[in-house]
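This report refers to the structure that appears directly beneath it.
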2 protein chains.
Amino acid sequence: MEFFNKVGKMAIGSRLRMLTETMTDDAAQIYKLYDIDFQPKWFPVFYVLQEGGEFTITSIAKEIGHSHPSVSKIIAEMVKNGFVTEKKDKADGRRNMVSLSAKGREAGAKIQDQYTDVTGAVEELLSQANHDLWKAIEEWEYLLEQKTLLRRVQEHQKVRESNKVSIVPYEPQYATAFKALNEEWISKYFVMEEADYKALDNADSYIIDNGGLILVALYNDEPVGVCALLKMDDPDYDYELAKMAVSPKAQGKNIGFLLGQAIIEKAKALGGHKLYLESNTILKPAISLYHKLGFTKVAGRPSPYERANIQMELAL
Amino acid sequence: MEFFNKVGKMAIGSRLRMLTETMTDDAAQIYKLYDIDFQPKWFPVFYVLQEGGEFTITSIAKEIGHSHPSVSKIIAEMVKNGFVTEKKDKADGRRNMVSLSAKGREAGAKIQDQYTDVTGAVEELLSQANHDLWKAIEEWEYLLEQKTLLRRVQEHQKVRESNKVSIVPYEPQYATAFKALNEEWISKYFVMEEADYKALDNADSYIIDNGGLILVALYNDEPVGVCALLKMDDPDYDYELAKMAVSPKAQGKNIGFLLGQAIIEKAKALGGHKLYLESNTILKPAISLYHKLGFTKVAGRPSPYERANIQMELAL
DNA sequence: TATAATTGCGTAATTAGTTACATAATTAAT
DNA sequence: ATTAATTATGTAACTAATTACGCAATTATA
């Protein structure tokens, strides 16, 4: 398969599908070798029934890992071909009790030889290969059960996206972004207040000149997130984390966390001991981000903002 | 998958199918992560088109190992979604020349990140496993190309069936079988001749008492094949291989070969140096069996049988 | 230069599974 | 003792591929 070498590992799904297909194509003809009128897809169901006794549709489905409609259809076909008999359970009227018929048991005896030959052929293949396909499948089943492929891809995506993000100090060129990004979420959930305009229109004089600072998150050199550290005049706290905003277009890239981490580092470097912040419980992702950064809830304090209904702090 | 441990290696096909399924189920959701409106099944076709330039339906199908109707349908869907443009080839009116549209190329740029993330996730999985699934698949593809699973199973069947066959010396109880098995094929292709009746009705006096012998092949204790070694009164040959017959019901169990081998061994043990046989070229399987046993064609000699049109010999 | 064979490709039917939904029977909970 | 939730099953619709088939365009051949 030249194609797969070009595409690389990401096509492992397609490659598996094709290998499966070449094998199942042969399966139909293998049954013919043993002159049993038998469809390969019946095999797992048949195998379970050979254990003897009666089974319900769902118990078979669960055992072989198929959906129950699949088993239902297969049983219908096997009944039609006389391999299987079904009868309603007297104790539980929903149950369709299924078992091998005389003809089914007879076919089972015939099929034993086939089992040994196919197992022999597969084992021969396994022994001729250096890499154990059987065990490799087993491992992948386990690994994917632990963490799905989707989750794994998601994690890779996150790391890669994070690497594209850089956190830089505020510069006058980011003044409009600082205002726009904050105005975006504030006016979406609340209304812009007097204190907002003061801070957003005069970042330099109001925040930086007062001993605070602003960090900007760049993604492809575009400012997509901002966060400010305000000097507080308070016996309990040194700084306030405020004006954290991330563009909705840049969600899922971990930008909020990276900004928060960087701001905390800055606060530490400036000799701060305790951080403070205000927010609103309606902003669930923000609150959970603050939690992740280590902030804990504290009792209410007066705030210049209408919208503040929760306060948090973090000891550095 | 408890079931597979019970069933064993012969269910490797089903097991592969399930692994494939869990992976392709995730694939659809992975595309959503990159907000491209893209179906996973388009991927191989898309990948080929990304090489740039125009392709025909069949060339794509060949490249990715799908059937052409499959590619035809996928292209139709991609055209509908604006990823692909098609136009008839002017030089060859049958050809449907297919290439990426502007939107397609744009999606291609977006998808690059996905390629790296998926490849990364798969490589992570491969590195976490002790048995290399990727290489194992590659090996199986190769091994199955060399010899299909069907062929391998067939060979195992043959060996197993051969083991059920035993070659025993003639006893009077096999007299009827000796005649019946031979009469069956002779009267099917030719007519019974005087010499046939003489030999078949008087095996003891005509064959054994004259220094020859008969071997019988038993399958489940039933005589299903016979073969005679006749003492010849000839300067060139010691014995003639004759009256070889195998029941059509017992075909494909290698019985002819086993009988032939055993007869040759007997001839050697009796001190013979050269064997002779007569047959008819209409009996193709028989002739090729004699070849396999080492017999070579020789120039004609007089025969008591009408039907003999080929003579063969074997130096022991 | 007709005629036959090959090639390209689309449509239809089939396959072996799936999910979604409906219904009846049983079990649990108030 | 109702009512709600769960379980067992079947039917219908969908999916992603396949084979079978037919038609038109091109190429090879006598």
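Chain A is the first sequence line, chain B the second, and so forth, proteins listed ahead of strands; every chain is numbered from 1.
Shown here is A:K32, whose NZ atom has no more than 12 heavy atoms of other residues, nucleotides or ligands within 6.0 Å. The environment of NZ in A:K88 is crowded: more than 12 heavy-atom neighbours from other residues, nucleotides or ligands sit within 6.0 Å.
Taking side-chain N and O atoms only, A:T56 has no distance below 4.0 Å to OP1 or OP2 of D:dA8. A close approach under 4.0 Å does not occur between any side-chain nitrogen or oxygen of A:S72 and OP1 or OP2 of D:dT9.
Rounded to 10 degrees, the angle separating the terminal axes of the helix from C:dT1-D:dA30 to C:dT30-D:dA1 is 0°, with each axis obtained from five end pairs.
Checked for salt-bridge contact, B:R151 and B:E155 meet the test: a charged N lies under 4.0 Å from a carboxylate O. For the pair B:E184 and B:K188, the salt-bridge criterion is not met [side-chain N within less than 4.0 Å of a carboxylate O].
Side-chain contact, A:E86 with A:N96: a donor N or O sits under 3.5 Å from an acceptor N or O. Using modelled atom types and a 3.5 Å distance limit, the side chains of B:S70 and B:S67 yield no donor-acceptor pair.
In this structure, A:I57 atom CD1 and D:dG10 atom C1' are separated by 9 Å, rounded to whole Å. Rounding to whole angstrom units, CG of residue A:D89 and P of C:dA24 are separated by 19 Å. Rounding to whole angstrom units, CG of residue B:N96 and C1' of D:dA24 are separated by 14 Å. Between the NZ atom of B:K87 and the C1' atom of C:dG8 there is a distance of 17 Å, given to the nearest Å. In this structure, CZ of A:R95 is placed 11 Å from C1' of C:dA25, rounded to the nearest angstrom. Taking atom NZ on A:K88 and atom C1' on D:dT9, their separation rounds to 7 Å, with Å as the unit. The nearest whole Å value for the distance from the CD1 atom in A:I64 to the C1' atom in C:dG17 is 11 Å. Rounded to a whole Å, the NZ atom of B:K62 is 13 Å from the C1' atom of C:dG8.
Judged by distance alone, with hydrogens and angles left aside, the side-chain atoms of A:S101 form a donor-acceptor pair with the main-chain N or O of A:G82 at under 3.5 Å.
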Indicate every side-chain donor-acceptor pair of residues 247-257 of chain B with a distance under 3.5 Å to a residue at least two apart or in another chain.
unit_1	atom_1	unit_2	atom_2	d
B:S247	OG	B:K249	N	3.1

Mind listing the side-chain donor-acceptor pairs of residues 103-110 of chain A below 3.5 Å, one per line with the distance, residues two or more places apart or on another chain?
unit_1	atom_1	unit_2	atom_2	d
A:K103	NZ	A:N81	O	2.8
A:R105	NH1	A:L100	O	3.2

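Residues satisfying the ring pair (Phe, Tyr, Trp, His ring centres under 6.0 Å) criterion with B:W42, sequence neighbours excluded, are B:F38, B:F83.
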Pairs under 3.5 angstrom, nitrogen or oxygen only, protein versus nucleotides 1-6 of chain C, please.
none

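When heavy atoms are screened at a 4.0 angstrom cut-off, B:A91 is found touching the sugar-phosphate backbone but no base atom.
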Can you build the contact string for nucleotides 16-23 of chain D? Use B for base contact, S for sugar-phosphate-only contact, and - for no protein heavy atom under 4.0 Å. SBBBB---

Please step through ring-ring contact (aromatic ring centres under 6.0 Å, His included) for the pair A:Y115 and A:Y47, ending with a clear verdict. CA-CA 10 Å; A:Y115 288 179; A:Y47 193 89; 5.8 Å; yes

